[in-house]
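Residue numbering restarts at 1 for every chain, and letters A, B, ... go by the order of the sequence lines.
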Amino acid sequence: MLQVSVIRENREKIVEGLKKKHFDKAALVVDQIIEVDDLRKTTQGQLDALLSESNKASKSVGEMMKQGRTAEAEVLKAQVSASKEQEKELKAKLDQAGADLENLLLSVPNMPHDSVPYGKTPEENEVYRDWTGDFPKLYEGALPHWELARKYDVFDLELGVKITGAGFPVYKGKGAKLQRALIAFFLDEAEKAGYTEILPPHVVNEASGRATGQLPDKEGQMYHIGIDDLYLIPTAEVPITNLYRDTILEEKEFPVKLCGYTPCFRREAGSYGAHVRGLNRLHQFDKVEIVRLEHPAKSYDALMEMLEHVAGLLDKLELPYRILRLCGGDMSFSSALTFDFEVYSAAQERWLEVSSVSNFETFQSNRMKLRYRDENKKTILAHTLNGSALALARIVAALLENNQTPDGIQIPAALQPYTRFAMI
RNA sequence: GGAGAGAUGUCCGAGUGGUUUAAGGAGCACGCCUGGAAAGUGUGUAUACUCCAAAAGGGUAUCGAGGGUUCGAAUCCCUCUCUCUCCGCCA
């Protein structure tokens with residue numbers, strides 16, 4: 001959520017920037033925001049003045065009563081009573097203006113960073129760092145991972161359908177151990193990089209979903225538990241970032257670096273088709289997430305650091321990857337700048353998105369009231385960032401496919417201490 | 001699930017309708033004192049919105065949340081949320 005003060009001061013720049021996000025109503029909505037905010041301000045001024053008078057009068061009533069000047073007190077009482085109606089009206093007007101303003105602000109996506117390329121579709125994303133190494137050469141008869149799963153019995157989608165539904169895989173034997181190994185590996189690497197491990201709840205309340213930007217706009221993407229009004233988390237970003245909702249940090253507490261493993265639940269409504277076979281798109285998958293809270297002046301350095309952390313993970317797993325800078329049209333609603341990591345899957349002959357690293361600047365912190373106190377004791381919104389480090393299912397797909405040999409599937413050296421087997 | 005108690009500032013804690021402008025204590029910050037420290041002592045120490053060109057300084061709201069009664073509510077009433085204790089159930 002953008003701040004009204006920022007919108008007021010940078011109207012033209014914001015309208016222009018939001019074009020990148022294809023938010024066509026930008027000019028109109030920005031004008032509405034300013035108009036409603038003006039109304040809110042004048043109304044509050046009127047109400048405050050009225051309340052101030054009532055408060056003073058009430059105090060006088062108390063004094064008069066004490067001194068026994070009851071007749072005078074009664075007159076004053078009647079006066080204050082009379083102004084009540086007007087107070088009520090102004091209060092209602094103020095509440096309405098506040099609600100209208102909130103709704104307008106919630107409808108505006110984050111301002112993209114200057115470096116974000118124009119473009120609408122994933123094809124228009126910019127290749128930030130291409131893969132310069134070799135691509136795996138597979139032997140004759142190499143299989144896609146869903147065939148490999150059958151051959152080596154590492155996961156079973158049909159069993160998942162039986163007990164839950166489509167998109168909920170059951171991992172088995174070495175397949176299950178591989179999941180566990182990857183989670184432990186990713187968490188250990190994050191710890192080495194200075195991230196504190198968090199194991200949060202896997203369901204969150206509405207306030208949390210709102211703060212990180214999943215609600216109200218992306219309601220249909222999350223599983224909702226109606227009986228208790230809770231949501232299954234689509235990513236650990238939601239509970240972990242929300243640990244700091246309604247918090248004022250001291251400047252010296254930066255940077256806050258957190259990581260956590262959670263399963264992720266996504267309804268993925270409407271995304272069915274040729275590219276969703278096997279582990280490519282699931283309703284439940286495992287992921288280790290890194291989250292950072294940063295001083296605004298340092299958030300882009302932090303973003304680059306996170307980028308290198310994720311790159312390091314893929315290097316250690318010996319997977320070919322490239323980094324994309326997302327264009328305005330492919331970025332999420334709440335992000336200011338996003339880099340995606342894609343791993344090349346040789347058997348499918350396509351790139352698979354395995355990580356997304358984003359700077360949200362103040363978009364989330366404004367919604368969640370996450371601030372810090374600067375040297376002048378002023379409270380200022382912090383910047384929030386997060387990235388997948390990494391999402392498991394597609395990493396598993398790529399590992400199975402790229403490392404297959406006629407004798408089995410080779411486990412990368414870095415992972416073997418965790419799997420305690422070298423081949424599947 | 002049943003019964004009871006409770007929620008006050010950074011923390012502890014007083015406060016049952018009007019100098020509460022939230023007592024007192026602790027913590028923290030700055031100063032005095034000291035050779036230095038402790039002790040002592042003084043001052044300060046919430047958030048949001050808003051007025052003012054800015055600063056200084058005002059106004060309004062906030063005692064778990066929302067509503068109500070009243071000229072006036074931390075205090076009385078209603079609804080909700082959460083926490084604790086005991087019992088029941090249970091990994």
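Taking the P atoms as reference points, rG9(B) lies 14 Å from rA46(B), given to the whole Å. rU75(B) and rA23(B) have their C1' atoms separated by 15 Å, with the value rounded to a whole Å. With both ends at atom C1', the span from rU62(B) to rA55(B) equals 27 Å, rounded to whole Å. For the P atom pair drawn from rA65(B) and rU8(B), the interatomic distance equals 10 Å after rounding to whole Å. Using atom C1' as the reference point in both rU70(B) and rC80(B), the two lie 24 Å apart (nearest Å). Rounded to a whole angstrom, the distance from the C1' atom of rG15(B) to that of rG24(B) is 11 Å. Between the C1' atoms of rU85(B) and rA26(B), the separation comes to 27 Å (whole Å). Atom C1' of rC11(B) sits at a distance of 28 Å from the matching atom of rU19(B), rounded to the whole Å.
With both pairing distances under 3.5 Å, rG36(B) is matched to nothing as a Watson-Crick or G-U wobble pair. With both pairing distances under 3.5 Å, rG6(B) is matched to rC82(B) as a Watson-Crick or G-U wobble pair. Remark: rG18(B) base-pairs with rC71(B). Criterion, Watson-Crick or G-U wobble with two distances under 3.5 Å. Nucleotide rG1(B): paired with rC87(B) (Watson-Crick or G-U wobble, both distances less than 3.5 Å). In this entry rC28(B) has rG44(B) as its Watson-Crick or G-U wobble partner, both defining distances falling under 3.5 Å.
Annotation: ring pair (Phe, Tyr, Trp, His ring centres under 6.0 Å) contacts of Phe23(A) (sequence neighbours excluded): none. Every residue was checked against the ring pair (Phe, Tyr, Trp, His ring centres under 6.0 Å) condition with Tyr261(A), not counting sequence neighbours, and none meets it. Partners of Glu126(A) by side-chain hydrogen bond (donor to acceptor under 3.5 Å, both in side chains), not counting sequence neighbours, listed by chain and number: Arg325(A). Annotation: side-chain hydrogen bond (donor to acceptor under 3.5 Å, both in side chains) contacts of Ser335(A) (sequence neighbours excluded): Thr338(A).
Each of Ser52(A) and Ser60(A) lies near RNA chain B, and the nucleotide nearest Ser60(A) is the one positioned closer to the 5' end. Residue whose closest nucleotide on RNA chain B sits further toward the 5' end, between Lys88(A) and Ser54(A): Lys88(A).
As judged by a 4.0 angstrom heavy-atom cut-off over every strand, Lys369(A) is placed among residues making no nucleic acid contact. If you check every strand for non-hydrogen atoms under 4.0 Å, Ile248(A) touches sugar and phosphate atoms only. Thr379(A) comes within 4.0 angstrom of sugar-phosphate atoms only, judged by non-hydrogen atoms across all strands, and of no base.
When each of Glu197(A), Glu294(A), Glu305(A) is tested with Lys257(A) by the rule salt bridge (charged side-chain N to carboxylate O under 4.0 Å, His left out), just one qualifies, namely Glu305(A).
You'll find the ring centres of Tyr223(A) and Tyr231(A) outside the 6.0 Å limit.
Using the six-membered ring where Trp is involved, His113(A) and Tyr300(A) have ring planes that are tilted, between 30° and 60° apart.
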Report all side-chain donor-acceptor pairs from residues 148-170 of chain A shorter than 3.5 Å, counting only partners two or more places apart or in another chain.
residue	atom	partner	partner atom	Å
Asp153(A)	OD1	Lys172(A)	NZ	3.1
Asp156(A)	OD1	Glu158(A)	N	2.9
Asp156(A)	OD1	Leu159(A)	N	2.9

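Interface limits on RNA chain B: the 5'-most and 3'-most nucleotides within less than 4.0 Å of chain A heavy atoms are rG18(B) to rG72(B).
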